[in-house]
There are 2 protein chains.
Amino acid sequence: MTDVAPCGILNRMVEYQRHVDAVFAAIADPTRRAILARVARKPATVTEIARPFPVSLNAISKHLMVLERAGLIRREVVGREHHCSIEPKRLRDAVAWFDHYRMFWEDRLDSLERHLVARRKRPHS
Amino acid sequence: MTDVAPCGILNRMVEYQRHVDAVFAAIADPTRRAILARVARKPATVTEIARPFPVSLNAISKHLMVLERAGLIRREVVGREHHCSIEPKRLRDAVAWFDHYRMFWEDRLDSLERHLVARRKRPHS
């Protein structure tokens, strides 16, 4: 019984890794990022989503499938239409990955701020 | 001359898109994320980076090349050794992409907070 808890944690970590893999792979494509921006503005049908893109409806359907598998969009079937809307939870999980690296640029900004404050305090030469 | 400025903006947007594509594709792989975490802790040689991974040095070299092309690591040749360190600028640029979507989860947290505050104010039933 003792290994139940670590196994649970490990499983959740593996699951998190898989989700993050899928999210980053999905948003590595500019068309998929544009589709996500479209459905974030307003839920839409597949035809509405495809309209402004200079590619086939079939290509857009494939992109939507990648986004759906990554858990980034939700699809609801209403009659004959598929309504797509954004599912932000996985985006929030993925952005958390960057938190480990934030100190690199935040530290740099702090240094820059200190430098500018020090310069302002110095008498004009 | 009038189209110089919009062209400049467009070029920068295209360049930003390409950088973001490369960053997300690079970090979509768990081994590359682990390599990045390793060099973020401390700059290291290729051999040092490869040591804990159960894959060949050649495989690690390929992952490093992807990270380098995405602008996420910097490689300096010192004598016969390649020293790799993190280059955080592109990560900062990529994380900015999530800002458009932040309102989705922050709004939800705000709603939750409002709900909890309202519940706390209500007399116990």
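Letters A, B, ... mirror the listed sequences (proteins, then strands); counts begin at 1.
Hydrophobic clustering, with ILVMFWY side chains joined whenever heavy atoms are under 4.5 angstrom apart, groups B/V46 together with B/I35. Residues A/L57 and A/F53 share a single hydrophobic cluster, defined by chaining ILVMFWY side chains whose heavy atoms lie under 4.5 Å apart. A/Y16 and A/F98 fall within the same hydrophobic cluster, where Ile, Leu, Val, Met, Phe, Trp and Tyr residues are linked whenever their side-chain heavy atoms come under 4.5 Å apart, directly or through other members. In this structure, B/V95 is a member of the same hydrophobic cluster as B/F104, with clusters built from ILVMFWY side-chain heavy atoms closer than 4.5 Å. B/L72 and B/M65 are not part of a single hydrophobic cluster, where members link through side-chain heavy atoms under 4.5 Å apart.
Summarising the geometry, atom OH belonging to A/Y101 is positioned 5.5 Å from atom CD1 belonging to B/I86; distances are rounded to the nearest 0.5 Å. To the nearest 0.5 angstrom, A/R41 atom CZ is 11.5 Å from B/H100 atom NE2.
Of the listed residues (A/A25, A/A94, A/A40), the greatest number of heavy-atom pairs within a distance under 4.5 Å of chain B belongs to A/A40. For the options B/L91, B/I27, B/D29, heavy-atom pairs under 4.5 Å to chain A are most numerous at B/I27.
The closest side-chain heavy-atom distance from A/W97 to B/L36 is below 4.5 Å. With a 4.5 Å cut-off on side-chain heavy atoms, B/P88 and A/W105 count as touching.
A parallel orientation is assigned to the rings of B/F24 and A/F24, their planes being inclined by less than 30° (bins at 30° and 60°).
Both the backbone and the side chain of A/R33 come within contact range of chain B, judged by heavy atoms closer than 4.5 Å. Using a 4.5 Å cut-off between heavy atoms, A/A22 makes no contact with chain B at all.
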